[in-house]
Amino acid sequence: MAPSGGEQHESPAWGATGPAAATGAPSSDAEITRAAGPETRERVEGRGRFGFPRRSAPRAKRTVEARSAEPGEADVLAFPESPGRRRRRRVLIGLGVAVALVAALFAVLLFTPLVSARTITVQGTHLLQPRQVESALEPVRGKPLALVGTDQVERLLSQFVQVKSARARAVPPSTLVVEIVERVPVALVKQGGKLLVVDGDGVVLGDAADTSQYAVPVIDGSAMPMGQAVFRSVTAVLAALPADILAQLATASAQSPDSVELKLSDGRTVVWGNADDRELKAKVLEALMKATPEKGQARPSVFDVSTPRHPVTR
């Protein structure tokens, strides 16, 4: 029905486009945003459906999305450490501690005075006095025991001809024990009005005041000059004899290296021959001298061991 007064008014068209189509106003947020200025667009785009500020995603979610967005990277999940791996780690830690302790111990032994040679003990001397050896070893006093070896001790004692060998032994915390092996006198050599003490190698160890000072035979140095082959044969034979037989000898002589002859203090003679098989000859001679003569037989005055497997007594 038309309104009164003959005027006709058109009703707003509420079609599909709604009132915005009739008024010409923007019909959506997007249109409003486009129509507005940059600042308005920024405020609108930062809000939600009803104008409330949009919430940002949780931090963990954003981190996962950021990791997923990076090419070539995958999400990493933390798994519990396996028992075997824990054991290996503990073993490695234990080994590291052990190595550190050993290194510390070596440092103490090598570089600190806690384990140093403050006391020197000398053993095995007969020809030398212990104080002589201690004086010669003074350069090693105060050194760490681990740094004092047998080679150094032997070099320091090389000034003594009486020392054949030496051995150093550390006794922590502060003692160095030096074991001496001296040369053994086997004869007295009459030479130039002196009595020279010599060992089995013919090395002169010193002088003797008289023949009673050492229980060894006497060698005539004028008949057997020292250093010659015949002299070395005689001293080698004497060195092979047991100490108790050596003490019973009065003299030792030889015309050649193959004709060594020994005289006992009671007048008996030992025909030795050359210096070969001297250990065997010494054992045979010892057995012959200990043997008891059969009843009615005289004690032998000659022991011939020049052929030790067929000895002869007479």
Distance-only donor-acceptor hits, side chain of residues 231-250, under 3.5 Å, sequence neighbours excluded:
from: R232; atom 1: NH1; to: G227; atom 2: O; distance (Å): 2.3
from: S233; atom 1: OG; to: A229; atom 2: O; distance (Å): 3.1
from: T235; atom 1: OG1; to: G200; atom 2: O; distance (Å): 3.2
from: T235; atom 1: OG1; to: F231; atom 2: O; distance (Å): 3.3
from: T235; atom 1: OG1; to: R232; atom 2: O; distance (Å): 3.0
from: Q248; atom 1: NE2; to: D244; atom 2: O; distance (Å): 3.3

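- By the salt bridge (charged side-chain N to carboxylate O under 4.0 Å, His left out) test, K290 is found to be paired with E286, residues two or more places apart in sequence or in another chain being considered.
- Note that CD of E182 is 11.5 Å distant from CG of D199, once rounded to the nearest 0.5 Å.
- Identified under the salt bridge (Lys or Arg N to Asp or Glu O under 4.0 Å) test for residues 155-172, with sequence neighbours left out: R167-E179, R169-E179.
- When the side chain to side chain contact (heavy atoms under 4.5 Å, CB included) test is applied to T211, the partners found at least two apart in sequence or on another chain are L188, L195, V218.
- Applying the side chain to side chain contact (heavy atoms under 4.5 Å, CB included) rule to D276 yields the partners N274; only residues at least two apart in sequence or on another chain are considered.
- A salt bridge between R131 and E134 is absent, with no side-chain N of the basic residue lying under 4.0 Å from a carboxylate O of the acidic one.
- Dense packing is recorded around CD of Q123, with more than 12 heavy atoms of other residues, nucleotides or ligands lying under 6.0 Å away.
- Residues V171 make up the rest of the hydrophobic cluster containing V177, defined by ILVMFWY side-chain heavy atoms closer than 4.5 Å, directly or through other members.
- Applying the salt bridge (Lys or Arg N to Asp or Glu O under 4.0 Å) test to residues at least two apart or on different chains, none of the pairs has a partner in residues 207-220.
- In this structure a side-chain-to-backbone donor-acceptor pair under 3.5 Å is missing from E138 to S135.
- One finds the OG atom of S174 at 7.5 Å from the CG atom of L145 (value rounded to the nearest 0.5 Å).
- Within the structure, the salt bridge (Lys or Arg N to Asp or Glu O under 4.0 Å) test picks out no pair touching residues 301-314 (sequence neighbours left out).
- To the nearest 0.5 Å, the span separating CZ on R278 from NZ on K281 amounts to 9.5 Å.
- Summarising the hydrophobic clusters (Ile, Leu, Val, Met, Phe, Trp, Tyr; side-chain heavy atoms under 4.5 Å, direct or chained), the residues clustered with V271 are V302.
- When the side chain to side chain contact (heavy atoms under 4.5 Å, CB included) test is applied to R85, the partners found at least two apart in sequence or on another chain are E81, S82, R88.
- Residue pairs meeting the salt bridge (Lys or Arg N to Asp or Glu O under 4.0 Å) criterion with at least one partner in residues 261-271, sequence neighbours excluded, are D266-R268, D266-R299.
- In this structure, the side chain to side chain contact (heavy atoms under 4.5 Å, CB included) partners of A168, at least two apart in sequence or on a different chain, are T150, V153, L176.
- Note that the NZ atom of K190 and the OG1 atom of T251 stand 10.0 Å from one another [nearest 0.5 Å].
- Note: D277 CG to W272 CH2 = 10.0 Å, rounded to the nearest 0.5 Å.
- Contact record, A252 with I219: O-CG1, 3.9 Å, taken as the closest heavy-atom pair.
- A pairwise comparison of heavy atoms in P293 and Q297 identifies CB-O, 3.8 Å as the closest pair.
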